[in-house]
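Below is one structure, written out as structure tokens; comments come after it.
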Number of protein chains: 2
Amino acid sequence: MQNYKEMLNKYNLKATPQRIYMIKEIEKKGHIDIDDLYEALKNIFPYISLATVYKNINSMTKNGFLIEVKIPKLKTRYELSKNSHAHLLCKKCGELTDIFIDKKWITNNASEESGYIIENTLVTFEGICPKCQKDNKFL
Amino acid sequence: MQNYKEMLNKYNLKATPQRIYMIKEIEKKGHIDIDDLYEALKNIFPYISLATVYKNINSMTKNGFLIEVKIPKLKTRYELSKNSHAHLLCKKCGELTDIFIDKKWITNNASEESGYIIENTLVTFEGICPKCQKDNKFL
DNA sequence: CTCTGTGCAAAGCGTTTGCAAACGA
DNA sequence: TCGTTTGCAAACGCTTTGCACAGAG
């Protein structure tokens, strides 16, 4: 909590209880969408407004404290910004997990070939997670 | 055009002039968002409805004829589904281009490490395109 | 001829905004 | 205390829906 407070202040954001709990929740879940976050927050702050969640998500996203994860056909989810990683999305159960991969090779290749200065490489793998593979043999 | 007609019929969609021109426009631009597509279509069909554009985008996306390209902080764009490729996005001018890269290595690695059966690998490189690099030396 | 697609208007939702009161620094 | 944040309600903008007519197969 003291920790979260410092993180927020570092980004010029006041450490309100709502924000601290938002970060806790995002950290706990890894990735979360607005509605799930709102539901989770209501358990702690019964009168919290959805507008507050939006405002905070926006202020934290604007300065890079949070990262938007947009995936075709799904709701946008948010995560704490952290070291470069990729996403694994299960098309069956919707689980989204992180995986650390080495992007240097593809990034350098793409940069050379295109002439772009590449600042960021986003990678998402879509497929079936081990659990869903077991649950349903017929894919 | 005869070509587009066949493509549509293959997907159980009737080949209306609006749809044929939508595909033409998407093919021409490579990637396009709803509003730009609507504007382009209005030149040909002055009375076309935005609802028609949405309905067609949805029916073509549902069956995989079109692909949704969702990128953090930007409007969703659509493209014709084609062979596996990656995207290059210029953060300055917003240009979105295709680049063909070999995703096998990262995909196999991620699959082994996670146990996922991976069906699709989405890659987006964000950076500065060559043109914007020239236009502005100070980044 | 039948069923799908189109255009229009209205409805639906997710997101943002304005404001007064509450709160953090 | 001062500037920021909160909660509420209203506004906004994008997307979808219902319906009658038009058009493709």
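In the text below, chain A, chain B and the rest are named by the order of the sequence lines, each starting its count at 1.
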For A:Leu13 and for B:Asn9, locate the closest nucleotide of DNA chain D by heavy-atom distance; then report the residue assigned to the nucleotide nearer the 5' terminus.
-> A:Leu13
Please name the residue in the list A:Asn120, A:Thr121, A:Asp102 that meets the side chain to side chain donor-acceptor pair (under 3.5 Å) test with A:Thr107.
-> A:Thr121
Among A:Glu95, A:Arg77, A:Glu79, side chain to side chain donor-acceptor pair (under 3.5 Å) partner for A:His31 | A:Glu79
Whole-Å distance between [N] [atom2] and [X] [atom1]?
| X | N | atom1 | atom2 | result |
| --- | --- | --- | --- | --- |
| A:Arg19 | D:dT6 | CZ | C1' | 10 Å |
| A:Phe45 | D:dC8 | CZ | P | 14 Å |
| B:Lys5 | D:dA24 | NZ | C1' | 8 Å |
| A:Ile57 | D:dT5 | CD1 | C1' | 15 Å |
| B:Glu39 | D:dC14 | CD | P | 12 Å |
| B:Lys73 | C:dT16 | NZ | P | 13 Å |
| B:Leu8 | C:dT6 | CG | P | 10 Å |
| B:Asn12 | D:dG25 | CG | C1' | 12 Å |

B:Ile48 side chain: which of C:dG7, C:dA25, D:dT6 is closest?
-> C:dG7
Between B:Ser111 and B:Tyr116, is there a donor-acceptor pair closer than 3.5 Å when you use the side chain of the first and the backbone of the second?
-> yes
Donor-acceptor pair, A:Gln133 side chain versus A:Ile128 backbone, under 3.5 Å?
-> yes
Does the pair B:Asp35 and B:Lys75 meet the rule for a salt bridge (charged side-chain N to carboxylate O under 4.0 Å, His left out), with working shown?
-> CA-CA 9 Å; B:Asp35 295 329; B:Lys75 287 195 242 179; 3.1 Å; yes
Does [X] place a side-chain N or O at less than 4.0 Å from the phosphate oxygens OP1/OP2 of [N]?
| X | N | result |
| --- | --- | --- |
| B:Thr52 | C:dG5 | no |
| B:Asn56 | C:dT6 | yes |
| A:Gln18 | C:dC23 | no |

How far apart are the C-alpha atoms of B:His87 and B:Asp98, what are their side-chain angles, what is the distance that settles it, and do they pass the side chain to side chain contact (heavy atoms under 4.5 Å, CB included) test?
-> CA-CA 5 Å; B:His87 288 125; B:Asp98 291 343; 3.2 Å; yes
Quick one: which protein N/O atoms are closer than 3.5 Å to N/O atoms of nucleotides 17-23 of chain D? Pair and distance per line, please.
from: D:dG18; atom 1: O6; to: B:Lys55; atom 2: NZ; distance (Å): 3.0

Parallel, tilted or perpendicular: ring planes of B:Tyr21 versus B:Phe45, cut at 30 and 60 degrees | perpendicular
